[in-house]
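The structure appears right after this line, and notes come after that.
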Amino acid sequence: MGMYTLDDVKELQPSRIWVNVEYGKFYEEHKLSIEDYLLALPKEIPIAYISSPDISFLKSISGKFKGKAKIALRSLWENATEPTLSKSYGDIVMKDLSSLKPIVSGILVPKHFIWPTNKEEYLLPSTSLVKDAHALGMEVYASGFSNDNFGSYNYSHDPAAEYLQFIDNPDFCVDGVLTDFTPTASGAIACLAHTKENLLLPTAKPFVLSENGERPLIITHNGASGVFSGCTDLSYQQAVKDGADIIDCSVRMSKDGVAFCLGSSDLTTSTTAATTFMTKVITVSEIQNKSGIFSFDLSWSEIQTLKPDLNGPYAQVGLKRNPAAKNAGKFLTLPGFLDFAKTSNVSGILIEIEDAPYLATRGLGVVDAVSSALVNASYDKESNQQRVLIQSDDSSVLSVFKKFPKFERVLVIDPIISSASKPSVDEIKEFAHTVMVSRGSLVRVHGFFLSGFTDLVERVHDANLTLHVGVLRNEFMNIGFDYFADPMVEIATYSMALVSDGLVTEFPATAAAYFKSPCSDLTKNLSYSIVAANPGGLEKMVPAGALPPALPPAPVLEPADVIDPPLPPVSVSSPPEPTPKVDDEASSASSNAGNCLLVAGIAAFLYLSSH
């Protein structure tokens with residue numbers, strides 16, 4: 001693909017074309033007339049807008065194109081100097097806008113001229129620029145939008161939310177946006193604007209597959225953990241506010257038997273434990289292949305002294321999550337979580353149980369703790385209207401909950417698979433109603449490009465089981481190229497093209513916004529919609545040899561992969577010894593080596609992402 005001329009653009013049959021002209025004096029010096037060129041263009045090239053950062057050029061064409069095209073001053077950064085007036089663009093646009101009225105019909109300005117941010121990258125109050133321009137009869141266009149470039153933490157890494165800030169707020173609406181990702185902007189305008197008060201489409205009833213007109217469940221992953229630290233009161237409150245159907249609690253156990261919610265039993269991943277409990281560092285190979293500080297080695301009173309620690313998966317490459325709330329929130333016990341859920345308007349709860357066999361050897365019965373808490377909260381009663389999903393990667397754990405007929409049982413399949421054999425699916429039906437899989441089990445990827453879909457959803461649905469997929473995250477580095485760095489395109493793919501029954505996400509607001517929009521309803525015949533990705537569409541455009549060798553196919557799920565041994569009895573055994581503390585020099589060397597590997601890994605990813 002090379003450079004396009006206006007004649008090439010004509011072949012695309014656009015309804016309107018915006019022409020931006022720079023370096024006007026350069027053309028004059030070489031006796032080239034941009035005005036004559038534009039005036040001589042045939043009607044098949046519909047020039048509707050002409051912009052330039054050069055006021056003298058705009059003066060020269062304003063009369064010639066009257067009634068033919070709208071003329072706009074393209075403002076550069078506020079401190080840059082406009083060549084004709086020798087004044088900064090900031091002074092011209094923000095302080096002397098009326099002087100432009102005789103020359104132009106509008107202005108094209110960087111987006112921060114309208115919605116500035118503070119040094120922490122949070123939004124400040126909007127300026128009066130749009131209102132002032134509209135009062136003069138001038139249009140305002142905002143520039144600088146790009147899905148793969150950080151905007152403000154207020155948008156939670158959702159590019160559509162940024163567009164809506166400019167077109168769907170109660171004070172003003174810009175007249176247009178200049179963007180590198182037109183589908184996202186079009187989707188925000190055509191699908192998402194003025195839909196905040198819309199009701200979500202219904203979901204399928206428990207134990208049955210989704211039908212036409214029913215959408216997938218919006219299931220949280222540690223609450224709205226893209227906004228607040230996971231499994232805190234704030235993350236759950238935000239999830240309810242954002243429109244989640246199901247809020248989740250991954251149950252952990254303290255040393256003294258208190259069940260509470262946290263994303264990992266390793267406290268170093270989401271708390272400040274490393275600052276106060278380094279003497280508790282151990283390696284538990286049954287749980288993870290690296291050392292950590294584990295919840296079952298601390299009492300609940302000790303855990304309560306810790307603060308949450310919000311760390312996104314891409315924070316080390318600059319994509320942080322809401323740093324103003326990095327240590328905000330309180331941890332909840334399982335009974336506290338259930339009390340909160342009962343008083344909220346969510347459709348149900350998901351309780352995840354991990355590491356039950358190992359916890360039993362430490363004298364901690366997590367399965368009994370969960371069962372007792374649910375019974376004490378009357379979630380087992382017929383009168384309870386909220387759904388209860390019990391999730392685990394252990395078939396024996398799920399089998400225990402067969403005694404609760406109201407509870408839906410979800411089997412987690414951690415490894416990436418390409419399909420599932422009929423015997424394996426039949427085996428799953430003996431103890432579960434739903435399978436939870438990673439995104440890589442539904443889409444095939446080749447060098448960050450989608451190359452196709454697997455048949456896993458079809459296999460699972462054929463057995464009358466439902467399927468959940470996750471974890472969805474908004475950061476563009478988490479999203480394949482075919483989604484155009486837009487999390488809503490990924491949501492559309494898993495809901496429309498793959499017909500998943502549940503989406504597990506750390507940003508429930510993004511999923512809810514999509515499902516409130518008319519574009520999520522396949523029964524509507526819309527002129528524009530947010531469409532699913534087309535696997536292979538971009539991959540075939542990559543030059544031969546530019547992609548890495550394709551990975552071998554993922555394995556097919558077999559019965560042996562889903563059957564676990566019976567749970568051991570709960571009994572106390574000797575805990576592992578704490579990991580010896582290494583000397584400072586060795587620790588520093590190890591840290592430096594790790595940082596070098598991290599930088600190398602990031603560089604490799606960024607290289608692949610840009611080629």
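On a predicted model such as this, the values are computed, not experimentally measured, just so you know.
The shortest heavy-atom contact between Thr276 and Leu306 is OG1-CD2, 3.7 Å. When all heavy atoms of Ala532 and Ala492 are compared, the pair lying nearest together is CB-O, 4.0 Å. Nearest heavy-atom pair across Leu267 and Ala273 is CB-CB, 3.7 Å. Heavy atoms only, all atoms of each residue included: Leu503 and Pro216 are closest at CG-CB, 4.1 Å. Taking each heavy atom of Asp245 and Ile218 in turn, the nearest pair found is OD2-N, 2.7 Å. In terms of heavy atoms, Pro53 sits closest to Pro83 at O-CD, 4.1 Å.
Side chains of Asp168 and His194: a donor-acceptor N/O pair is present below 3.5 angstrom, by distance only. Remark: the Gln391 side chain and the His468 side chain contain no N/O donor-acceptor pair separated by less than 3.5 Å. Between the side chains of Thr179 and Tyr163, a donor-acceptor pair is found at a separation under 3.5 Å. Asn79 and Ser88 share no side-chain donor-acceptor pair at under 3.5 Å. Between Ser264 and Asp266, the side chains place no donor N or O within less than 3.5 Å of an acceptor N or O (distance only, hydrogens not considered). With 3.5 Å as the limit, one finds no donor-acceptor pair spanning the side chains of Tyr122 and Asn154. There is a side-chain donor-acceptor pair under 3.5 Å between Asp175 and His134. If you check the side chains of Ser270 and Asp309, you find no donor sitting under 3.5 Å from an acceptor. A side-chain N or O of Ser56 and one of Asp54 form a donor-acceptor pair less than 3.5 Å apart.
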Take Leu100 and Leu58 through the test side-chain contact (heavy atoms from CB on, under 4.5 Å) and record every step on the way to the result. CA-CA 10 Å; Leu100 298 175; Leu58 296 176; over 6 Å; no
Determine whether Met477 and Val317 satisfy the following criterion, side-chain contact (heavy atoms from CB on, under 4.5 Å), listing intermediate values before the conclusion. CA-CA 10 Å; Met477 290 186 73; Val317 292; 3.5 Å; yes
Using the rule given for side-chain contact (heavy atoms from CB on, under 4.5 Å), can you reason through Leu73 versus Ile55, listing the C-alpha separation, both sets of side-chain angles and the distance that settles it, and then say yes or no? CA-CA 7 Å; Leu73 171 68; Ile55 288 179; 3.9 Å; yes
Kindly indicate, with the supporting measurements, whether the criterion ring-ring contact (aromatic ring centres under 6.0 Å, His included) is fulfilled by Trp300 and Phe260. CA-CA 9 Å; Trp300 176 239; Phe260 67 101; 5.2 Å; yes
Apply side-chain hydrogen bond (donor to acceptor under 3.5 Å, both in side chains) to residues Asn474 and Arg321 and explain how you reach the verdict. CA-CA 10 Å; Asn474 282 2; Arg321 293 179 173 180; over 6 Å; no
Candidate pair Ser265 and Ser295, rule side-chain contact (heavy atoms from CB on, under 4.5 Å), full reasoning: CA-CA 5 Å; Ser265 58; Ser295 65; 4.1 Å; yes
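With a 6.0 Å radius and a threshold of 12 heavy atoms from other residues, nucleotides or ligands, Asn118 has its CG atom above the threshold. Atom NZ of Lys87 has more than 12 neighbouring heavy atoms from other residues, nucleotides or ligands inside a 6.0 Å radius. No more than 12 heavy atoms of other residues, nucleotides or ligands shown are found within 6.0 angstrom of CG on Leu199.
Of the inter-residue distances, the one linking Phe150 atom CZ with Tyr155 atom OH reads 10.0 Å to the nearest 0.5 angstrom. Separation of atoms OG (Ser344) and CG (Asp339) is listed at 11.0 Å; rounding is to 0.5 Å. Distance check, rounded to the nearest 0.5 Å: OG of Ser146 to CG of Asp180 gives 4.5 Å. Here the straight-line distance linking atom CD1 of Ile491 with atom OG1 of Thr510 works out to 6.0 Å at 0.5 Å rounding. To the nearest 0.5 Å, atom CZ of residue Arg439 and atom OG of residue Ser500 are 12.0 Å apart. Note: Asn322 CG to Gln238 CD = 8.5 Å, rounded to the nearest 0.5 Å.
Of the residues listed (Thr195, Leu200, Thr203), the one engaging Phe515 in a side chain to side chain contact (heavy atoms under 4.5 Å, CB included) is Leu200, and it is the only one.
No donor-acceptor pair under 3.5 Å is formed between the side chain of Asp248 and the backbone N or O of Leu350. Between the side chain of Thr272 and the backbone N or O of Lys307, at least one donor-acceptor pair lies under 3.5 Å. Side-chain atoms of Asp132 do not come within 3.5 Å of backbone N or O of Ala135 as any donor-acceptor pair. Of the possible polar contacts, none joining the Thr184 side chain to the Ala160 backbone as a donor-acceptor pair under 3.5 Å is found. Lys111 contributes no side-chain N or O that, together with a main-chain N or O of Ser143, makes up a donor-acceptor pair within less than 3.5 Å. The main-chain N or O of Phe507 is found under 3.5 Å from a side-chain atom of Thr505 such that the two form a donor-acceptor pair. At distances below 3.5 Å, at least one donor-acceptor pair connects side-chain atoms of Thr232 with backbone N or O atoms of Ser235. Of the possible polar contacts, none joining the Ser186 side chain to the Pro183 backbone as a donor-acceptor pair under 3.5 Å is found. Side-chain atoms of Glu82 come within 3.5 Å of backbone atoms of Leu85 as a donor-acceptor pair (strictly under, hydrogens ignored). Without hydrogens or angle criteria, Arg252 side chain to Leu262 main chain gives a donor-acceptor distance under 3.5 Å.
For the cysteine pair Cys231 and Cys249, the distance separating the two SG atoms is not below 2.5 Å.
Residues Val437 and Leu442 meet the side-chain proximity criterion, which asks for heavy atoms closer than 4.5 Å. Using a 4.5 Å heavy-atom threshold, the side chains of Phe340 and Val240 count as touching. Taking the side chain as every heavy atom from C-beta outward, Val471 and Asn478 never approach each other to under 4.5 Å. Side-chain contact between Ser438 and Asp414: absent, with no pair of heavy atoms (C-beta onward) separated by less than 4.5 Å. Using a 4.5 Å heavy-atom threshold, the side chains of Phe448 and Leu547 count as separate. The shortest distance between side-chain heavy atoms of Ile351 and Phe337 falls below 4.5 Å. Looking at heavy atoms from C-beta onward, Ile71 lies out of side-chain contact with Ile103 at the 4.5 angstrom threshold. Side-chain contact between Leu450 and Glu539: absent, with no pair of heavy atoms (C-beta onward) separated by less than 4.5 Å.
Taking the ring centroids of Phe449 and Phe481, they lie under the 6.0 Å cut-off.
Taking the six-membered ring where the residue is Trp, Phe145 and Phe166 present perpendicular rings, their angle passing 60° and hence far from 30°. Ring pair Trp18/Tyr141 is perpendicular by interplanar angle, where above 60° counts as perpendicular and below 30° as parallel.
Taking the charged nitrogens against the carboxylate oxygens, Lys516 and Glu197 have no contact shorter than 4.0 Å, which rules out a salt bridge. Salt bridge Glu121/Lys320: absent, no basic N to carboxylate O contact under 4.0 Å.
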